Peer 1: 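Dropping the structure in here first, questions after.
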Number of protein chains: 2
Amino acid sequence: MNKESIKQIPHKTIERLSQYRRALLLVSAKGKTHIFSHEIAEIQHITAVQVRRDLMLIGYSGDLRKGYKIQALVELIGQIIDSPSGQKVAVFGLGNLGMALTHYLSGRRENLYIVAAFDVDEHKIGQSFEGVPCYGMEKVKEIVARENITIGIITVPAEEAKATKNLAIEAGVKGILNYTPVPMEVPEGVFLEEYDMITSLEKVAFYVKELGSSDLENTKRTASK
Amino acid sequence: MNKESIKQIPHKTIERLSQYRRALLLVSAKGKTHIFSHEIAEIQHITAVQVRRDLMLIGYSGDLRKGYKIQALVELIGQIIDSPSGQKVAVFGLGNLGMALTHYLSGRRENLYIVAAFDVDEHKIGQSFEGVPCYGMEKVKEIVARENITIGIITVPAEEAKATKNLAIEAGVKGILNYTPVPMEVPEGVFLEEYDMITSLEKVAFYVKELGSSDLENTKRTASK
DNA sequence: AGTATCTTGTTATTCTTTTAACAATGCAAA
DNA sequence: TTTGCATTGTTAAAAGAATAACAAGATACT
Ligand SMILES: NC(=O)c1ccc[n+]([C@@H]2O[C@H](COP(=O)([O-])OP(=O)(O)OC[C@H]3O[C@@H](n4cnc5c(N)ncnc54)[C@H](O)[C@@H]3O)[C@@H](O)[C@H]2O)c1
Ligand SMILES: NC(=O)c1ccc[n+]([C@@H]2O[C@H](COP(=O)([O-])OP(=O)(O)OC[C@H]3O[C@@H](n4cnc5c(N)ncnc54)[C@H](O)[C@@H]3O)[C@@H](O)[C@H]2O)c1
């Protein structure tokens, strides 16, 4: 697993590794120590080949008779997708969605820490939510630098989305998770992931309509993007 | 645009059509009547070829000199992705996320109506939120049937996710939008779309780490899908 | 020992999606 | 009129991802 080979891991495989790990931790908690590719596949509702291929790409070898050693696999996935010292995350826009996410994420993931939220609302600034302090926008540069925040989640109103993204990047954020419906672009060296809920919902609506009008297709789609 | 050709529109194109439409409505509101493929592309941060290819797939022809007629294109996209009489949506699990989504979606989309929420919390049952009534789980069958709800958004706790999905499908829901981190499967004739936030966040974290360790890749990824 | 069975690891193939290439078109200006 | 230019529509190629195919290893059973 050198740096070059990691770079060639498909994006989709990276996504599945995240999911495998969580699934593995769950079955591990039940006392299981080994698992077969088809068992992982069943949990994830994908094929066993897909699982084996993904594990091949990260260079993990299982036992031909017992399957994969859960603990070792979890550790290897961690070596690949985690930063050794963890990464810090900030939420930009502590509204309905931002608050839900803060609630959901804080104290949950071992290597990703939500350490700050930013908003313009005077009622929120200065307070803490789930142990996460909320700062005014004028503090972005200072806090991002001081805390070494590398990831920003954008949940401000659509009109403010691009400006907020720019501010975050100027302050030093290297990864953007954009939950506004506004398509963005980022400079070289910054990674952008976008998710648009309306699109998902309209997509479901479209395929429901299509399935209704002629029942040809059995469909499952997974996004995460 | 017959039924066969619609079926062959790539999933990704369907997603982009949803986004094109919203972008077009915005520029239309500013008084613009025509638009070039490269203008759409710029808004969406994709390539003009991609736009033209998508429009080709839905059989829309632009004017060689003026570009695409915005209003006509919006209408055509509507003919393709909307159901003529709209579709009704229910939220299952009116917690932090479910409430945020209800807030966000209610009264917003023209052809998709959130008409019900379901929860087990006695404090929520019987109340309305954003004009959306919350019912107990024992009412799912009755309400889904009565209101002809075709789409269910799953935002219950992870442990309840599969049971809730099954209940929704038994009641007659034909499309599931799963926001829990629990991978699901659905019977034939039901469409499933899943989005896992943790996966997205860990993916961003991974690529931030990689970009940091060697600045080769300029990356943009969009999910919704 | 030999055979059957199950699993992994990997290569080959197919499918999907994006990107490139380019002919055809229509207008404007020379 | 003719040339140049920017745009569309479409076919061709490339890239990315999933699926299939199958050799090889390990164990159990005969
Ligand atoms: N609520 C949802 O479920 C949901 C779902 C998908 C996408 N979104 C998107 O997420 C974004 C937020 O949605 P919401 O429902 O939470 O809205 P919201 O209005 O509840 O929250 C927006 C928050 O951003 C703050 N804010 C406003 N301007 C700001 C600025 N310039 N800088 C920093 N903070 C600022 C506001 O004070 C508020 O707290 C929107 O773009 C929306 O499209 C929301
Ligand atoms: N909060 C987020 O930002 C967020 C983000 C991504 C994913 N999720 C996922 O969404 C789900 C909900 O998250 P949340 O933060 O809103 O949790 P939450 O606890 O705030 O909400 C869960 C809601 O579901 C209700 N509920 C519990 N059991 C139920 C049942 N059997 N049937 C119907 N309703 C039931 C609860 O009463 C509560 O209102 C979780 O699976 C979580 O993993 C949440």
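Just so we're on the same page: letters track the sequence lines, and every chain starts at 1. Predicted, not measured: the structure shown is a model, and the values here were computed from it.
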Peer 1: Show the numbers, then the answer: is there a side-chain contact (heavy atoms from CB on, under 4.5 Å) between F118(A) and T164(A)?
Peer 2: CA-CA 10 Å; F118(A) 299 100; T164(A) 304; over 6 Å; no
Peer 1: Using whole Å, what does the distance between atom C1' of nucleotide dT16(C) and atom CD1 of I9(B) come to?
Peer 2: 15 Å
Peer 1: Could you check how far OH of Y60(B) sits from P of dT8(D), rounded to whole Å?
Peer 2: 11 Å
Peer 1: In whole angstrom, give the distance that lies between atom NE2 of H34(A) and atom P of dC6(C).
Peer 2: 20 Å
Peer 1: Parallel, tilted or perpendicular for Y207(B) and F191(A), by the 30°/60° rule?
Peer 2: parallel
Peer 1: Any side-chain heavy atom of V156(B) sitting closer than 4.5 Å to one from M137(B)?
Peer 2: no
Peer 1: Filter on ring pair (Phe, Tyr, Trp, His ring centres under 6.0 Å), then keep only pairs touching residues 158-177 of chain A, sequence neighbours left out; what's left?
Peer 2: none
Peer 1: If you only use heavy atoms from C-beta on, which nucleotide in dT8(C), dT17(C), dT19(C) is closest to the side chain of Y68(A)?
Peer 2: dT8(C)
Peer 1: Grab the CD1-P distance between I46(A) and dA17(D) for me, whole Å please.
Peer 2: 15 Å
Peer 1: Does a side-chain N or O of S61(A) approach OP1 or OP2 of dG9(C) to a distance below 4.0 Å, or not?
Peer 2: yes
Peer 1: I need the CD-C1' distance between Q50(A) and dA18(D), as an integer number of Å.
Peer 2: 6 Å
Peer 1: Report yes or no: do Q79(A) and E75(A) form a side-chain donor-acceptor pair below 3.5 Å?
Peer 2: no
Peer 1: Round to the nearest Å and state the distance from L57(A) atom CG to dT8(C) atom P.
Peer 2: 16 Å
Peer 1: Considering just the side-chain nitrogens and oxygens of H38(B), establish if one lies under 4.0 Å of OP1 or OP2 belonging to dT7(D).
Peer 2: yes
Peer 1: Closer to the 5' end of DNA chain D via nearest nucleotide, is it V49(B) or D54(A)?
Peer 2: V49(B)
Peer 1: Report the distance from atom NZ of K69(A) to atom C1' of dT8(C), rounded to the nearest whole Å.
Peer 2: 17 Å
Peer 1: Reading nucleotides 22-30 of chain C from the 5' end, what letters show protein touch, with B for base, S for backbone sugar-phosphate only, - for no heavy atom under 4.0 Å?
Peer 2: ---BBS---
Peer 1: Select base, sugar-phosphate, or nothing to describe what T13(B) touches, counting heavy atoms under 4.0 Å on all strands.
Peer 2: nothing
Peer 1: Please figure out whether F36(A) or R16(B) has its closest DNA chain C nucleotide nearer the 5' end.
Peer 2: F36(A)
Peer 1: Do side-chain atoms of E39(A) reach the backbone of F36(A) as a donor and acceptor pair under 3.5 angstrom?
Peer 2: yes
Peer 1: Rounded to whole angstrom units, what separation is found between the NE2 atom of H11(A) and the P atom of dG16(D)?
Peer 2: 9 Å
Peer 1: Enumerate the residue pairs fulfilling salt bridge (charged side-chain N to carboxylate O under 4.0 Å, His left out) with a member in residues 51-64 of chain B, sequence neighbours excluded, ordered by first and then second residue.
Peer 2: R16(B)-D54(B)
